[in-house]
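The figures here come from the full heavy-atom set of this structure, side chains too, leaving out hydrogens, waters and symmetry mates. Whatever order the structure lists ligands and atoms in, that order sets their numbers, starting from 1.
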Amino acid sequence: MDYTISNRMSALRGSAIREIFKYAADPAVISLAGGNPNPELFPNEALSDIAAEILREQPVTALQYGITEGYMPLRQAIRERLARVENIGTENDDLIVVSGGQQGIELATKCLVNEGDTVIVELPSFIGATNAFRSYGAHLVGVPVQNDGMDLDALERALAENNNVRFIYTIPTFQNPMGVTMSIEKRKKLYEIAKKNGVLILEDNPYGELTFNGVKTPTIKSMDTDGIVMYSGSFSKILAPGLRLGFMCAPRPIIQKMVIAKQVSDVHTPMLPQLLATEYMKRYDLDALILKMRENYAHKCKTMLDAMEQYFPSDVIYTRPGGGLFIWCDLGHGLDTFALSKKAIEQKVVYVPGNTFMVDMDQPTSTLRLNYSTMSDEKIVEGIRRLGVVFGEALK
Ligand SMILES: Cc1ncc(COP(=O)(O)O)c(C=O)c1O
C-alpha cells in the first residue's frame, strides 16, 4: 500500500509543544511550556447547571444540526460584546462562529491563499497559525517583533520584495509567544501600510481581554473603515478552551466563503458549547470572570518575573508582559535553546524552545517561551530556580 503523504502535509512538523507535553504529563515535571489557561478559573459549576437545563429544556436545539454561520443568539451576543468591548463591527462586516480561533485562521487561509502566495507573519509567531498557512502552501515571510510590536521598516521591505502577499498575520496584543503589545502608533501605521499596499490584515486577538492593569490598546479592527481587517477572537482564554468556540469578524465576502469552507470542514460548530456560552453570558457576568483571570495571571506573571530576577543569570533578556500568558527570554551568547531543553528536562522542567515559533525552525536560536498560567506559585518559583541553574551552567 502506498502511504505517501500529500505535498501539502508532508512538509508540516507537529508542534514541539505537543511533544513537550509528553514530558509534562509526568507529575514530577514542572511545565512552563504549555499555553493552557488556569483550570481553577473555569466556571464549571455554572456551566454544569446550564448544561443540565439546556439538555432538559432545549434538547432539539442542542442536539440537532445547526446552521454553519453559528447559533444566532450567540452571534448576536458576540456582535454586542465586540461593539461594546472592542469597538468592532461595521455594516460591511459579517461574523462566523468557528470551532476555536484556530479554525477561523485555517478557513480564512483556505479561502484566500493559493499555493505559493505570500503570508507575512511576525517573527516569532504562533505555530498553530504558521502551520495553517504552511498547510495551504503559503510562502511565509517573517517580520521581527520589537518590544512595541512589528518592525514596520522590515514590514515595508517585505512588502516591496514580495508582490503576491495575501495578508499580514499579527497578534498585536500580549503576543504569543513574546507577551509584547503593539503600540497604538504602530497599529495606525500598520493599517496605513496595509491599505497602501492593498493587503489584508489578519488580527488575532485571543489574549486581548487578559490585561493586568485594565489598560487596553485599541484593536486594529476598530480602525477598519476600509474593510481590510479580518479579526479572529476566541472564548478559549476567557471562558474555557475545551468548548472549542471562536469567531471571525471580517468583510462579508470573506465570511460568506468561509461559511462554505466550514461546511466542507465540520458543517457547524457543536451546538451544546454554543448554547452554553450564550446562556453563560446571559445569566452570569463574563466581565467579572475575566477580571478574576486578569488578577490571577497578573499575580502569576509577577511571581515568575520576580523569580527570574532572583535566579536567572543577569544578562538574560526577557519581556515584561502587560497581560496574556507568556514571557519571552533571550539567553544570547549563541546558545541553542532546543539543545538546552534536554538539559532542562533532566532537571524536570520544560519550556518551549524559540525555534518552534520561527519561519525556519531548523535555525538554532537562543530564545525560549515561558508560561505562568497553569503551575502553582511554588512550582513557578522552583521551575525558574532549576532553569536558572541550567542556564547558568550553559553560560559558564
Ligand atoms: C495566538 C493564538 N491564536 C489562536 C489560538 C487558537 O485558540 P483556540 O483555537 O483555542 O481559540 C491560540 C491558542 O493558543 C493562540 O495562542
### Side-chain donor-acceptor pair present, T173, R187, cut-off under 3.5 Å
yes
### Query
Where do E80 and R75 land on the salt bridge (charged side-chain N to carboxylate O under 4.0 Å, His left out) test, with the steps shown first?
CA-CA 9 Å; E80 282 166 18; R75 289 174 77 206; over 6 Å; no
### Task
With heavy atoms under 4.0 Å as the rule, classify the contact between K237 and ligand 1 as side chain, backbone, both or neither.
side chain
### Message
Would F235 count as a contact residue for ligand 1, given that I'm defining contact as a non-hydrogen atom of the residue lying under 4.0 Å from a ligand atom?
### Response
no
### Distance from atom 10 (O) of ligand 1 to nearest protein heavy atom, with residue and atom
S236 OG, 2.6 Å
#### Entry: Atoms in ligand 1 with a heavy atom of D204 nearer than 4.0 Å
1 (C), 2 (C), 3 (N), 4 (C)
### Query
Is it the side chain (CB and beyond), the backbone, both or neither of R244 that lies under 4.0 Å from ligand 1, heavy atoms counted?
side chain
### Query
Under 6.0 Å between the ring centres of Y169 and F133?
yes
### Task
Look only at interatomic distance and state if Q102 has a nitrogen or oxygen under 3.5 Å from any nitrogen or oxygen of ligand 1.
yes
### Query
Got a salt bridge between K302 and D306, using NZ or NE/NH1/NH2 to carboxylate O under 4.0 Å?
yes
#### Entry: Y318 and F312 aromatic ring geometry - parallel, tilted or perpendicular at 30°/60° bounds
perpendicular
### Query
Among all protein non-hydrogen atoms, which one is nearest to atom 12 (C) of ligand 1, and what is the separation to 0.1 Å?
F126 CZ, 3.4 Å
### Task
Looking only at protein heavy atoms, identify the closest one to atom 16 (O) of ligand 1 and say how far it is in Å.
Y207 OH, 2.5 Å
### Query
Which atoms of ligand 1 sit under 4.0 Å from any heavy atom of S234?
8 (P), 11 (O)
### Message
Under a 4.0 Å threshold between the charged nitrogen and the carboxylate oxygen, would E53 count as salt-bridged to R283?
### Response
yes
### Atoms in ligand 1 flagged as close to G100, the criterion being non-hydrogen separation under 4.0 Å
9 (O), 11 (O)
### Query
Does the side chain of S366 come under 3.5 Å of the side chain of D330 through a donor N or O and an acceptor N or O?
yes
### Task
Number the atoms of ligand 1 from 1 as they appear, then name those within less than 4.0 Å of a heavy atom of P206, with their elements.
1 (C), 2 (C), 3 (N), 15 (C)
### Task
May I ask you to check whether F326 and Y207 place their ring centers less than 6.0 Å from one another?
yes
### Heteroatom distance test (G101, ligand 1): nitrogen or oxygen, under 3.5 angstrom
yes
